[in-house]
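Comments concern the structure below.
A quick note: this is a predicted structure, and the numbers were derived from the prediction, not measured.
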Amino acid sequence: MKYLQGTYPVTEYRQLTDTVFALTVHAPDIAGLAQPGQFAHLLVPGFTLRRPISFSEIDRQAGTLRFVVLINGEGTRALSAVRPGDTIDLIGPIGNRFLPGPGRNLYVGGGIGVAPLLGAMKETKGETVAILGFKSGKSSYLLEEFNAAATQCILVTEDGSAGEQGFPTAPLARMLQPGDTVHACGPTGLLSAVKDVCEKAGITCYLSIDSRMGCGVGACLVCTCKKAGGGYAHVCKDGPVFLSTEVTF
């Protein structure tokens, strides 16, 4: 695994919802190596442990990385105070990438798991479908960009306040076709359900697993997940993207 470490300037801050924000960082050396599905380990000012955040978008020409972050603790709340002109310490790129299939590619996301799918979709050739799940219309984000990038974009909300009411697996199950490839990122419940739908239909499926991490480079045992054949894998070193048949929940 080849990764770099450095301190890089923040060039843009954007509030997407009450609890989700986006940071753009100018890191041309990391951007030159980064691939969709990979992540960086961010050092939050005032904290010892780094936070693993997936790349939402990679602009290799501009040399920038965009991170979309959910405020769910003191560390991410402190990170939300970073503004353009500040600098941030990054280690990256870490992990493996999404692998688009030769046919139609469907990207299924839930909550903050929607974020890394945007960059992956933008780099996918051919027909793409985005199926995006949120608790409500108020909690949704990046919809305009997904609509612009995808051949088809389906919004699903749990409360029915926007788009289709329900969960992303419903539109996924009804529109799967032979030759499709599915890529999913989101909470464990969603990944488990997507895995079940795809494997029953005989569809190749990749799952991007979110996990708490210590080192982020495979030296500790914090970010383990269960392998389908027994034993455990490291999300940082062996993932975060796995074939659905490789893991179990």
Going by heavy atoms in the side chains, are [X] and [Y] under 4.5 Å from each other?
X: I58; Y: P36; result: yes
X: E12; Y: R66; result: no
X: I131; Y: P168; result: yes
X: V10; Y: T87; result: no
X: I94; Y: H41; result: yes
X: I88; Y: L43; result: no
X: K138; Y: D18; result: yes
X: T24; Y: L65; result: no

For the atom pair [atom1] ([X]) and [atom2] ([Y]), what is the distance rounded to the nearest 0.5 Å?
X: T76; Y: I112; atom1: OG1; atom2: CD1; result: 9.5 Å
X: S56; Y: L117; atom1: OG; atom2: CG; result: 9.0 Å
X: L79; Y: L42; atom1: CG; atom2: CG; result: 6.0 Å
X: L118; Y: L142; atom1: CG; atom2: CG; result: 6.0 Å
X: I91; Y: L4; atom1: CD1; atom2: CG; result: 10.0 Å
X: R51; Y: F39; atom1: CZ; atom2: CZ; result: 14.0 Å

Please report the shortest heavy-atom distance between [X] and [Y], naming the atom on each side.
X: G75; Y: V44; value: O-CG1, 3.4 Å
X: P93; Y: Q38; value: CB-OE1, 3.4 Å
X: T17; Y: S140; value: CG2-O, 3.5 Å
X: A22; Y: L16; value: CB-CD1, 4.1 Å
X: V25; Y: L90; value: CG1-CD1, 4.0 Å
X: P240; Y: N96; value: N-OD1, 3.4 Å

Verdict with reasoning, V194 to C205, per side chain to side chain contact (heavy atoms under 4.5 Å, CB included): CA-CA 8 Å; V194 170; C205 175; 3.8 Å; yes

Cationic tip of R50 above F47 ring, under 6.0 Å, 45° of axis: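 No, cation not above the ring by the 6.0 Å, 45° rule.
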
Do [X] and [Y] share a hydrophobic cluster (ILVMFWY, side-chain heavy atoms under 4.5 Å, transitive)?
X: L70; Y: F21; result: no
X: L106; Y: L99; result: no
X: L190; Y: L176; result: yes

Say whether, by atom type as modelled, one donor and one acceptor occur between the side chain of [X] and the main chain of [Y] under 3.5 angstrom.
X: Y141; Y: G111; result: yes
X: N147; Y: L143; result: yes
X: D180; Y: Q177; result: yes
X: N105; Y: G103; result: yes
X: S161; Y: G137; result: yes
X: T151; Y: T128; result: yes
X: S139; Y: F134; result: no

Pair D210-S54, side chain to side chain contact (heavy atoms under 4.5 Å, CB included): steps then yes or no: CA-CA 9 Å; D210 185 19; S54 294; over 6 Å; no

Passing candidate, side-chain contact (heavy atoms from CB on, under 4.5 Å) with I209, options V247, T188, V241: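 Only one option passes, and that is V247.
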
No-hydrogen, no-angle side-chain donor-acceptor test under 3.5 Å, S136 and E158: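 Judged by distance alone, the side chains do not pair up.
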
D29 versus Y8, side-chain donor and acceptor atoms under 3.5 Å: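 Yes, side-chain donor-acceptor contact under 3.5 Å.
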
Remaining members of the apolar cluster that contains F167, side-chain heavy atoms under 4.5 Å: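 Noted: F167 shares its cluster with no other residue.
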
Ring pair (Phe, Tyr, Trp, His ring centres under 6.0 Å) contacts touching residues 88-109 (sequence neighbours left out):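 Sorted result for residues 88-109: F98-H183, Y107-H183.
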
V69 vs V20, side chain to side chain contact (heavy atoms under 4.5 Å, CB included): CA-CA, chis, key distance, verdict: CA-CA 6 Å; V69 186; V20 176; over 6 Å; no

Aromatic plane relationship, F67 with F55 - under 30° parallel, 30 to 60° tilted, over 60° perpendicular: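 Tilted, since the angle between the ring planes falls between 30° and 60°.
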
Quick one: do [X] and [Y] make a salt bridge, cutoff under 4.0 Å?
X: R60; Y: E123; value: yes
X: E246; Y: K195; value: no
X: R174; Y: E164; value: yes

Distance flag, aromatic centroids of F242 and Y206, threshold under 6.0 Å: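 Centroid separation for Y206 and F242: 6.0 Å or greater.
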
OH/Y232: more than 12 non-hydrogen atoms of other groups inside 6.0 Å: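 No - once you tally the heavy atoms of other residues, nucleotides and ligands closer than 6.0 Å, there are 12 at most.
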
side-chain hydrogen bond (donor to acceptor under 3.5 Å, both in side chains) between S244 and E199, intermediate numbers included: CA-CA 8 Å; S244 66; E199 290 179 5; 3.0 Å; yes

Test side chain to side chain contact (heavy atoms under 4.5 Å, CB included) applied to E57 and E145, step by step: CA-CA 11 Å; E57 283 195 86; E145 295 180 52; 3.3 Å; yes

